[in-house]
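First comes the structure, then the notes that go with it.
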There are 2 protein chains.
Amino acid sequence: MAGTAAIKKAVTCENCSLDNLCIPKGLSQTEVESLGEIVNRNTIRQKGEALYHAGSAFKGIIALRSGSAKLLGVDRNGNEIVVDFMLPGELLGFDGLSTQFHQCTAIALETVNYCRLPAQQIELLAGTIPSLSQILLQRSGEQFDSQIQRMMLMRRTAEERVACFIVQVSERLKARGYAELEFRLSMSREDIGSYLCIAHETVSRIMHHFQTLGLIEVRSRQLKIVNKKGLLALYSE
Amino acid sequence: MAGTAAIKKAVTCENCSLDNLCIPKGLSQTEVESLGEIVNRNTIRQKGEALYHAGSAFKGIIALRSGSAKLLGVDRNGNEIVVDFMLPGELLGFDGLSTQFHQCTAIALETVNYCRLPAQQIELLAGTIPSLSQILLQRSGEQFDSQIQRMMLMRRTAEERVACFIVQVSERLKARGYAELEFRLSMSREDIGSYLCIAHETVSRIMHHFQTLGLIEVRSRQLKIVNKKGLLALYSE
DNA sequence: CGACGCTTTGAGGAGATTCAAGACACGTGG
DNA sequence: CCACGTGTCTTGAATCTCCTCAAAGCGTCG
């Protein structure tokens with residue numbers, strides 16, 4: 001097979017399909033090339049496997065190429081809660097930035113394929129590619145923003161949270177070129193409940209209620225949005 | 001008064017009392033000096049005034065020198081919730097990093113004095129002082145971490161949240177050299193309730209309950225921790 | 001010293017949780 | 001290809017935590 005090198009070449013940053021979602025967005029041609037050379041590419045994890053564990057050393061920022069994952073926060077009592085869901089093109093690992101040890105565990109919700117920008121290289125590259133620091137800082141800020149949005153949800157009722165969750169998943173899938181009105185949820189009701197801070201039974205009940213209202217059609221993890229405006233109206237006062 | 005220049009000199013980064021809490025921590029002598037030259041120093045805001053507004057352009061990272069502030073998140077309906085409380089030595093403004101527009105409003109809870117590292121300079125300095133980017137990235141990660149801690153609290157009862165809040169304020173004051181067992185809360189019950197996602201009446205009731213249990217002594221905003229271990233036990237299972 | 005805002009306290013009610021049991025989907029092995 | 005078993009999802013009923021509304025007490029600041 002003469003193609004091995006070619007395949008490796010095919011998944012470097014320069015011609016990655018995620019280039020306008022991932023780190024390279026905003027970098028120059030040459031910068032992307034030098035970035036491509038130091039990125040660990042094509043790592044694969046199966047459903048249920050960890051990308052990294054809470055307490056383990058921070059090894060770098062990860063860019064999801066395909067598949068989705070959940071980020072679990074762990075408190076001193078060992079309780080786990082879902083901090084965030086990560087979709088293709090999104091970056092994770094920021095929870096290891098401050099202490100150099102991960103505060104969260106990242107678990108694949110389905111088979112995932114990802115790249116990693118090694119931690120040591122981030123420091124070295126800060127001099128070579130100043131804009132890389134800018135981009136990472138910006139992405140880190142996005143994490144912060146989304147946590148704030150999440151906190152805002154906590155003041156609202158369970159119904160509003162579920163409605164918002166469904167719309168957000170839809171929007172994020174749309175941004176990545178997937179169908180926005182009909183999709184399969186990669187996470188369990190338990191995960192959704194944990195993420196929204198409600199019991200998984202409540203998630204079930206509310207989804208069923210939304211179906212009764214003609215807003216969605218739901219069958220286990222398969223979801224179809226029938227009336228998006230109606231969903232939006234539920235949490236936009 | 002020949003002292004004007006001397007006073008200005010006195011509040012530069014090189015001999016700031018917050019140097020091991022603020023940005024300079026981890027920078028070399030010369031790096032701190034060049035940092036000191038571009039920082040806008042000694043800005044003052046009275047209680048209730050804003051350090052910046054949601055929607056306004058991001059002007060840079062702010063370091064609180066004295067006084068405390070609250071960070072308000074605003075959703076599309078105009079509802080405000082307290083995202084975080086900021087104490088002296090802490091950095092804020094990260095909510096403007098991703099979009100270059102602030103997503104939050106920062107309000108002084110008492111008279112505050114702060115410095116600002118201008119946004120444009122951050123980019124320029126990334127080349128000159130590579131470690132500055134590292135530090136900002138690290139600090140940004142801390143924000144993320146504390147939001148995760150906050151989310152973990154949301155799965156717990158109102159009593160556990162209040163107990164945790166009291167201990168956290170105590171710890172943070174201690175880290176900054178203030179009395180850890182007796183202090184005055186700079187925020188209202190309303191603010192605390194918003195931060196913990198509970199009604200302000202519930203905050204009052206629970207604090208009174210803690211007093212009945214002999215854990216604290218509370219009189220309006222004046223707080224004394226009598227039995228810290230007891231408080232800790234309330235949320236450590 | 002008076003007024004306003006913040007804090008405290010009470011009663012009643014709504015929303016969400018918990019516990020329990022049954023239905024369904026999915027993967028495994030026969 | 002179907003039967004089986006396990007884990008997930010759904011549904012119900014009772015309970016409880018916390019919220020809402022209301023009013024009085026207290027502190028602070030002009």
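Lettering follows sequence order; numbering is per chain, from 1.
Judged by distance alone with a 3.5 Å cut-off, a donor-acceptor contact links the side chain of B:Glu201 to the base of D:dC21. The base of D:dG27 has none of its N or O atoms less than 3.5 Å from a complementary donor or acceptor on the side chain of B:Arg219. A donor-acceptor contact under 3.5 Å links the side chain of B:Arg205 to the base of C:dG10.
For B:Thr157, the listed nucleotide lying nearest its side chain is D:dC18; candidates were D:dC18, D:dC9, C:dT9. Which of D:dT20, C:dA16, C:dT9 sits closest to the side chain of B:Ala199 comes down to D:dT20.
Residue A:Arg184 places at least one side-chain N or O under 4.0 Å from the OP1 or OP2 atom of C:dC26. In terms of phosphate contacts, A:His200 brings no side-chain nitrogen or oxygen within less than 4.0 Å of OP1 or OP2 of D:dT8. Within the structure, every side-chain polar atom (N or O) of B:Ser220 is placed at least 4.0 Å from both OP1 and OP2 of D:dC26. Residue A:Thr202 has a polar side-chain atom (N or O) positioned under 4.0 Å from OP1 or OP2 of C:dT17.
Proximity of the aromatic rings of A:Phe85 and A:Tyr195 is defined here by a centroid distance below 6.0 angstrom, and this criterion is met.
Across all strands shown, B:Ser204 has heavy atoms under 4.0 Å from base atoms, whether or not it also approaches the sugar-phosphate.
Put simply, CE on B:Met207 is 14 Å from C1' on C:dC6, counting in whole angstrom units. We find that CG of B:Leu185 is positioned 15 Å from P of D:dG27, with the value rounded to whole Å. When the C1' atom of D:dG25 is taken as reference, atom CZ of B:Arg221 falls 16 Å away, rounded to whole Å. Atom-to-atom, CZ of B:Arg189 to C1' of C:dT8 comes out at 9 Å; the value is rounded to the nearest Å. Taking atom NE2 of residue B:His208 and atom C1' of nucleotide D:dA24, one finds them 15 Å apart after rounding to whole Å. Following rounding to the nearest Å, A:Glu160 (CD) and C:dA14 (C1') show an atom-to-atom distance of 14 Å. One atom, CZ of A:Arg161, and another, P of C:dG15, lie 14 Å apart when rounded to the nearest Å.
The pair B:Arg176-B:Glu90 meets the salt-bridge criterion, since a charged nitrogen lies less than 4.0 angstrom from a carboxylate oxygen.
Side-chain contact between B:Arg41 and B:Arg116: absent, with no pair of heavy atoms (C-beta onward) separated by less than 4.5 Å. Taking the side chain as every heavy atom from C-beta outward, B:Arg139 and A:Ser98 never approach each other to under 4.5 Å. Between A:Leu234 and A:Leu215 the shortest side-chain heavy-atom distance falls below 4.5 Å.
Nearest-nucleotide assignment on DNA chain D puts the 5′-proximal partner with B:Ile206, out of B:Ile206 and B:Lys47.
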